[in-house]
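The structure appears below as structure tokens.
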Amino acid sequence: VGLKLDTGGQVRTALGSSILLRTEDGLIRLAPSTTLAVNTDELGNRNLVLSSGRVYVECKNPDVTYQVDMPWGQVRGQGARFGLLVSPDRSVLASVRVGVAMAETPSGEIAVNRDQELHIPFGQRPQEATALSEQEKTFWARWANGPELGLLILTPTVYATPTSTNTP
């Protein structure tokens, strides 16, 4: 709690851990097994790079854009609450609980509205946005519920690097 992540920094959560990042104008929750890099541009917009895992973003200031880059493109939101999952096969699931997020892919831009999700297979055209599935609602309840994106787990977990030891 209280650690500062500078622009260009990267955060990685271990299996079974999560972290909440607070910015001046929003919140970012990383679920377990997630890798995220954080940047801020000259206009104050938040530029994130999600390499793997699941992240939830709450943009509290509608004048600031939160943009998340992923293997196939990017998702942008202003004054929105959205979540993203990058699967091991590099497909992406984008979901929105509040507002609208814009998914930009090589084949064009798609709006994901409140209580919708969008599945985008890597290297393929995105499907149409559909209503949130029960599974996605469960993930939102587990990892991003409440006004502060689920403050159930605030303390980052520190893991020691395993080393070989000789035993008699």
Side-chain angles (χ1 to χ4, degrees), residues 5-23 26-41 45-59 64-145 149-150 153 156-157 159 161-162:
L5 182 65
D6 291 321
T7 294
Q10 186 179 64
V11 177
R12 185 178 6 219
T13 55
L15 184 65
S17 68
S18 68
I19 191 168
L20 177 71
L21 302 175
R22 296 175 192 269
T23 66
L27 301 166
I28 305 162
R29 163 73 79 196
L30 281 71
S33 303
T34 299
T35 303
L36 182 78
V38 179
N39 294 306
T40 302
D41 68 17
N45 294 314
R46 309 295 177 208
N47 299 317
L48 312 170
V49 179
L50 180 61
S51 303
S52 63
R54 186 180 288 268
V55 67
Y56 297 93
V57 177
E58 183 173 346
C59 318
V64 175
T65 299
Y66 278 75
Q67 176 178 301
V68 183
D69 294 324
M70 291 163 290
W72 54 261
Q74 59 189 227
V75 171
R76 293 181 317 279
Q78 289 180 288
R81 197 168 186 200
F82 62 94
L84 300 165
L85 167 67
V86 174
S87 299
D89 66 0
R90 300 193 329 170
S91 65
V92 172
L93 177 67
S95 59
V96 176
R97 293 299 280 181
V98 175
V100 177
M102 298 302 294
E104 186 178 318
T105 70
S107 59
E109 201 169 65
I110 300 169
V112 186
N113 296 307
R114 179 178 188 258
D115 291 332
Q116 286 188 329
E117 66 182 50
L118 176 68
H119 179 70
I120 305 171
F122 182 74
Q124 298 178 29
R125 291 185 66 89
Q127 302 167 357
E128 291 292 319
T130 60
L132 276 180
S133 65
E134 290 303 315
Q135 181 180 19
E136 192 62 12
K137 288 178 185 177
T138 301
F139 280 114
W140 272 93
R142 171 67 175 104
W143 294 111
N145 197 23
L149 289 176
I153 305 169
T157 304
Y159 293 91
T161 303

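In this structure, the side chains of S52 and S33 stay at 4.5 Å or more apart for every pair of heavy atoms. Considering only heavy atoms from C-beta on, D69 stays 4.5 Å or farther from L48 through its side chain. L27 is listed as a side-chain neighbour of L20, based on a closest heavy-atom distance under 4.5 Å. Considering only heavy atoms from C-beta on, V75 comes within 4.5 Å of M70 through its side chain. Contact of the Q10 side chain with the T35 side chain is registered, since non-hydrogen atoms from C-beta on lie closer than 4.5 Å.
Inspection of the S133 and E117 side chains reveals an N or O donor paired with an N or O acceptor under 3.5 Å.
One finds the CG atom of L36 at 5.0 Å from the CG atom of L30 (value rounded to the nearest 0.5 Å). Rounding to the nearest 0.5 Å gives a distance of 12.5 Å between CG of L132 and CZ of F139. The distance from atom OG1 of T13 to atom CZ of R54, rounded to the nearest 0.5 Å, is 12.0 Å. Separation of atoms CZ (R46) and CG (L21) is listed at 11.0 Å; rounding is to 0.5 Å. Distance CG/L84 to CD1/I120: 9.0 Å, rounded to 0.5 Å. Atom CE of residue M102 and atom CD of residue Q74 lie 11.0 Å apart, to the nearest 0.5 angstrom.
N47 pairs by the side-chain hydrogen bond (donor to acceptor under 3.5 Å, both in side chains) definition with nothing, not counting sequence neighbours.
A salt bridge links R76 with E109: at least one charged nitrogen is closer than 4.0 Å to a carboxylate oxygen.
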Margin query: Checking V68 against Y66 for the side chain to side chain contact (heavy atoms under 4.5 Å, CB included) test, could you report, in this order, the C-alpha distance in whole Å, the side-chain angles of both residues, the deciding distance, and whether it holds?
Written below: CA-CA 7 Å; V68 183; Y66 278 75; 5.6 Å; no
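For the pair C59 and F82, the tightest heavy-atom approach, listed with the atom from each and the gap, is SG-CE2, 3.9 Å.
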List the atom pairs, donor and acceptor, that lie under 3.5 Å between side-chain atoms in residues 90-98 and the rest of the protein, sequence neighbours left out.
{"unit_1": "S91", "atom_1": "OG", "unit_2": "D89", "atom_2": "OD1", "d": "2.7"}
{"unit_1": "S95", "atom_1": "OG", "unit_2": "E136", "atom_2": "OE2", "d": "2.9"}
{"unit_1": "S95", "atom_1": "OG", "unit_2": "W140", "atom_2": "NE1", "d": "2.8"}
{"unit_1": "R97", "atom_1": "NH1", "unit_2": "D115", "atom_2": "OD1", "d": "3.2"}

